[in-house]
Amino acid sequence: MDSRIAVVTGGSRGIGAATVHRLATLGWDVCLSLRERDAEATEVVARCRGLGRRAFAVRADVSVEADVVELFARVDRDLGTVTTLVNNAGMVASKSRVDEMGAERVSQMLSVNVVGAFTSARSTR
């Protein structure tokens with residue numbers, strides 16, 4: 001594969017940040033998305049750039065289709081065609097029991113974990 005361009009949703013912390021860093025060490029240019037700006041994203045991007053890779057972070061809520069469309073448009077514009085997508089963004093139920101969770105929380109989880117992953121995958125064209 002000549003072009004190594006990856007998008008990692010939820011890439012500013014934890015498994016997502018580790019994935020972004022690993023891809024950069026393997027020679028990939030990376031865009032990470034995150035729902036809200038945070039200092040961790042800046043650090044992850046700096047580490048990738050320190051490895052000589054092109055990297056940046058984009059604020060995008062994967063449960064909002066317009067955010068996902070803009071995310072992939074920016075990657076296409078600034079890095080090129082996405083060749084790998086890591087659908088890492090996700091949310092879990094709080095420590096509440098299922099019978100204590102409201103329908104709104106379940107809907108939000110499905111929107112991020114299922115619809116967000118679908119919308120991101122569809123956007124890679």
Side-chain angles (χ1 to χ4, degrees):
M1 190 178 309
D2 292 340
S3 178
R4 292 182 171 200
I5 298 170
V7 170
V8 179
T9 64
S12 67
R13 297 179 237 179
I15 292 169
T19 302
V20 169
H21 186 258
R22 182 68 178 146
L23 286 166
T25 64
L26 294 172
W28 290 75
D29 293 324
V30 186
C31 172
L32 64 100
S33 74
L34 60 158
R35 191 172 33 186
E36 297 176 7
R37 288 268 175 222
D38 60 28
E40 290 96 337
T42 302
E43 184 179 314
V44 172
V45 167
R47 288 176 59 199
C48 293
R49 289 179 178 168
L51 295 167
R53 304 313 315 160
R54 296 180 299 162
F56 59 89
V58 173
R59 194 220 59 82
D61 181 338
V62 297
S63 69
V64 177
E65 187 170 8
D67 283 8
V68 174
V69 169
E70 179 53 35
L71 164 67
F72 283 90
R74 168 115 188 257
V75 174
D76 192 53
R77 202 172 45 243
D78 294 352
L79 295 178
T81 303
V82 173
T83 54
T84 295
L85 167 65
V86 179
N87 265 319
N88 178 69
M91 61 185 299
V92 296
S94 61
K95 295 179 183 178
S96 300
R97 296 179 356 187
V98 172
D99 63 341
E100 296 173 346
M101 288 177 23
E104 185 176 321
R105 179 68 172 170
V106 173
S107 178
Q108 184 182 27
M109 287 181 357
L110 290 171
S111 194
V112 170
N113 299 348
V114 178
V115 177
F118 168 77
T119 304
S120 296
R122 184 181 62 194
S123 295
T124 62
R125 295 189 224 37

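We count residues from 1, following the sequence as given.
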Membership question, hydrophobic clusters at under 4.5 Å side-chain separation (ILVMFWY): are [Y] and [X] in the same one?
| X | Y | result |
| --- | --- | --- |
| Leu34 | Ile15 | no |
| Val86 | Val44 | yes |
| Val20 | Val7 | no |
| Met109 | Val114 | yes |

- Query: Within a radius of less than 6.0 Å around CZ of Arg47, do more than 12 heavy atoms belonging to other residues, nucleotides or ligands occur?
  - Reply: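 No, the 6.0 Å shell around CZ holds no more than 12 heavy atoms from other groups.
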
- Might you confirm whether atom CG of Leu26 has over 12 heavy atoms from other residues, nucleotides or ligands at distances under 6.0 Å? yes

Quick one: [atom1] on [X] to [atom2] on [Y], what's the gap to the nearest 0.5 Å?
| X | Y | atom1 | atom2 | answer |
| --- | --- | --- | --- | --- |
| Leu32 | Leu23 | CG | CG | 11.0 Å |
| Leu71 | Ser33 | CG | OG | 5.5 Å |
| Cys48 | Arg22 | SG | CZ | 12.5 Å |
| Leu79 | Arg54 | CG | CZ | 5.0 Å |

Has [X] got a side-chain atom pairing as donor or acceptor with [Y]'s backbone, closer than 3.5 angstrom?
| X | Y | answer |
| --- | --- | --- |
| Ser107 | Ala103 | no |
| Arg53 | Val30 | no |
| Asn88 | Gly11 | no |
| Thr124 | Ala121 | yes |
| Asn87 | Thr9 | no |
| Thr83 | Ile5 | yes |

Quick one: does [X]'s side chain get under 4.5 Å of [Y]'s, heavy atoms only?
| X | Y | value |
| --- | --- | --- |
| Leu51 | Thr25 | yes |
| Phe56 | Val75 | yes |
| Val115 | Leu110 | no |

Which pair of heavy atoms, one from [X] and one from [Y], lies closest together, and at what distance?
| X | Y | result |
| --- | --- | --- |
| Val58 | Cys31 | CG2-SG, 3.7 Å |
| Met91 | Val112 | SD-CG2, 3.8 Å |
| Val8 | Gly16 | CG1-O, 3.9 Å |
| Asn113 | Ala117 | O-CB, 3.6 Å |
| Leu85 | Phe72 | CD1-CZ, 4.0 Å |

- Query: Can a salt bridge be assigned to the pair Asp61 and Arg35 using a cut-off of 4.0 Å between side-chain N and carboxylate O?
  - Reply: no

- Query: Going by an N to O cut-off under 4.0 Å, is there a salt bridge joining Arg59 and Glu70?
  - Reply: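 Result for this pair is no, no salt bridge flagged.
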
